[in-house]
Number of protein chains: 4
Amino acid sequence: MSEHRNGPVRSAAARDSILDATARLLALQGYDNLTMEGIAKEAGVGKQTIYRWWRSRGALIADCMIEGRLATVEIDLPDTGDLGGDLNVWLEGIVSIVADPAGGALLRSLVAAAAEDGAVGDRLAAALGADQTLSLRLASAVRAGQLPEGAPVDQLGLAILGAIIVPVLARRPIDAVEIRRLVDHLIRPAG
Amino acid sequence: MSEHRNGPVRSAAARDSILDATARLLALQGYDNLTMEGIAKEAGVGKQTIYRWWRSRGALIADCMIEGRLATVEIDLPDTGDLGGDLNVWLEGIVSIVADPAGGALLRSLVAAAAEDGAVGDRLAAALGADQTLSLRLASAVRAGQLPEGAPVDQLGLAILGAIIVPVLARRPIDAVEIRRLVDHLIRPAG
Amino acid sequence: MSEHRNGPVRSAAARDSILDATARLLALQGYDNLTMEGIAKEAGVGKQTIYRWWRSRGALIADCMIEGRLATVEIDLPDTGDLGGDLNVWLEGIVSIVADPAGGALLRSLVAAAAEDGAVGDRLAAALGADQTLSLRLASAVRAGQLPEGAPVDQLGLAILGAIIVPVLARRPIDAVEIRRLVDHLIRPAG
Amino acid sequence: MSEHRNGPVRSAAARDSILDATARLLALQGYDNLTMEGIAKEAGVGKQTIYRWWRSRGALIADCMIEGRLATVEIDLPDTGDLGGDLNVWLEGIVSIVADPAGGALLRSLVAAAAEDGAVGDRLAAALGADQTLSLRLASAVRAGQLPEGAPVDQLGLAILGAIIVPVLARRPIDAVEIRRLVDHLIRPAG
DNA sequence: CCATAACCGAGACGGTACGTCTTGTCTTGCC
DNA sequence: GGCAAGACAAGACGTACCGTCTCGGTTATGG
């Protein structure tokens, strides 16, 4: 924080400083070493200013994700008409993040936060693209005839995420080749 | 704990009492309200006796899972030759657990524990069947020609888990029908 | 406070409301539960309005005493010519106040305030009569020959107060009979 | 604190260190700047170790007084047979303490503590000698015929204390000569 | 056959963080 | 410019757990 700003309206500087500190400390130290007092100190803010606007660590993290302050978790998914190629681009993005130890740790932190706080779970699914991006791309593929009519596009998105999240939780290395085979299997032409 | 003493060898009664208390408190109160002191008190045991044999909450939970003390998480998966039917039986088991609020909360607790402790992640994947049971069943289906040669059986297991875990984290209701459609899609005959 | 606003001159309504709230809360809750925020809220006043005109809780309490808003502490002392009888009337007043638990608590509160804030100490001694009323009455007795020439009238007042304040601080019951014996001893004819 | 001593029995080192820190900080900073956290830090002790054994600042201070750690408050009162002379010795001790600014501040701190906590009031009266020493000396004077039979010895002690405490509260200079005149008046031969 | 060593329950210890409360300052917008 | 309202940085409150450390006692084993 810079200036000692207050008054009867919410301080944008304090808000910004708090979310910034949250994102920084989460990435550096992980969810279980993330403390409200640590955030307050790092942000140069009184604890009460945090509690006035957020109920919990989870709420802070959810806001960070909404505002894209955990930037590494934003992936994009093109729609060139080539479903397999597009998904590979997206996979490339995800895998390059979670294959990095710091990225894996961040994902585990987010999962831990999600387990405690439903709002984080929502935002996490959204940030990873499962909610909209991925489902929409798959729906588009259905319309293009690349996936069978009535394919469970929402569930397919979750399924791909699962193949990534579960190994990350278990600290196993991500095998990009295997995941690509999974994707190929999922979108293989119907029999 | 019942009897008071033993000797210079590890007390089976203490060990049992501790794991029992861990499982009970985890199910009742969730991972984030699970404390070492609470376990010690519930088990009628000194804290040191816990720390002597386990490094952390995670290690306790992992042991509980290994011994099947979180019994609701043990699912079985038949192999009648009918892949779709067998998977439906297994799904039925899983869904009936996580659809129950307590079961969902327990799964979230385990995921939180897994995010903190790699060993729990391993055990969690195993307990849910992803590691062995599910993969083996799918491999058996490959041999039976019900899945294409070279189908990524390990990843398929993780994928199904993902479609269950992610909604549970986000506290969304589990839609059993949709998941069944996913499974049908995954094992649909190749084109 | 009733009406909402005024102009660039000090609001008598605010001042009155603040002192009123101070006196009420002090009597109800005691000195250590008396807070500036509580007073502001009770008075329906902004905190700044208090800080603008008073430096501390002590200053507020001193003003309350000056204006006789802690009315129970105002005692009167007649001068009928009968020194012993007059002092007994005064003692009666004091003892009936401090013998009541609420009165004792109020006196302790005032002593606590006095210990923090010299101005309150001044006002407290004055309110209890030690400064003027009591000394003047005793001086009058000296003139009437009821006390020896040169009797330390100021100190005698303090002395009687001490016999009341110290037991109140220690939460001991006030023994009115004993105090009357003290007074009789103090004013006994010289040898 | 020196060594990291613990075990299932109370640590004498911790106890000592805490009372020592309390006495030191009370004398340095006064009662209202005395905080539990400050004591814990100064003593090199966890806050819980304080709260485990004492309920409040007042209880700490009372213990300090019992053990004579606020040493300046211990006065002695000889009994040579010469009542006036003995009291003058005692007065000398008291006055030399409270005439010093630090001594006066300490006494005000003790009075503030007493106002909050009855036990401190008890100990304070005792430490100043009102309870036993002074009363006993006066009773001895009664037996020696220096005071009239039936003189209210307890109240006389309180009275002298009052003449000291009230001016200290009001931050007025202590007038040793006046107090000596008061004492002379109190013990003057009966008429 | 007795000493010793590892175990046990209990719980005090120095700490860290919790979430709440209050302080005194500052700002906003109304009057 | 005074006012009600209330956000702000700061920091103490009293509680809950952490992981380490005695303590006193029990019991199996091995010298």
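In what follows, chains carry the letters A, B, and so on, assigned in the order in which the sequence lines appear, proteins first and then strands, with residues in each chain numbered from 1. Just so it is clear, the structure is predicted and the values come from calculations on it, not from any experiment.
Side-chain atoms of A/Arg57 come within 3.5 Å of backbone N or O of A/Leu34 as a donor-acceptor pair. No side-chain donor-acceptor contact under 3.5 Å links D/Thr22 to the backbone of D/Ile61.
Across F/dC8, E/dA17, E/dC13, the shortest atom-to-atom separation from the side chain of A/Thr35 is found for E/dA17. Checked against E/dA12, E/dG14, F/dA4, the side chain of C/Thr49 finds its nearest nucleotide in F/dA4. Nearest to the side chain of A/Tyr51, among E/dT20, E/dT22, E/dC8, sits E/dT20.
For C/Trp54, no side-chain nitrogen or oxygen approaches OP1 or OP2 of E/dG24 to under 4.0 Å. Within the 4.0 Å cut-off from OP1 or OP2 of F/dC3, at least one side-chain nitrogen or oxygen of C/Arg52 is found. For E/dC8, one of the phosphate oxygens OP1 or OP2 lies less than 4.0 angstrom from a side-chain nitrogen or oxygen of B/Trp53.
No hydrogens or angles were tested; on distance alone, nothing pairs the side chain of C/Gln48 with the base of F/dC3 as donor and acceptor under 3.5 Å. No hydrogens or angles were tested; on distance alone, a donor-acceptor pair under 3.5 Å links the side chain of D/Lys47 to the base of F/dG14.
Between D/Gly38 and B/Glu37, the residue whose closest nucleotide on DNA chain F is further toward the 5' end is D/Gly38.
Using a 4.0 Å cut-off between charged side-chain N and carboxylate O, C/Glu116 and D/Arg108 make no salt bridge. Ion pair D/Arg69/D/Asp16 flagged as a salt bridge, since at least one NZ, NE, NH1 or NH2 atom sits closer than 4.0 Å to an Asp/Glu carboxylate oxygen.
To the nearest angstrom, P of E/dC21 lies 10 Å from NZ of C/Lys41. Computed from coordinates, the A/Asn33 CG to E/dG15 P distance equals 19 Å when rounded to whole Å. E/dT25 atom P lies 10 Å from atom CZ of C/Arg55, rounded to whole Å. Rounding to whole angstrom units, CD1 of residue B/Ile50 and C1' of E/dG9 are separated by 12 Å.
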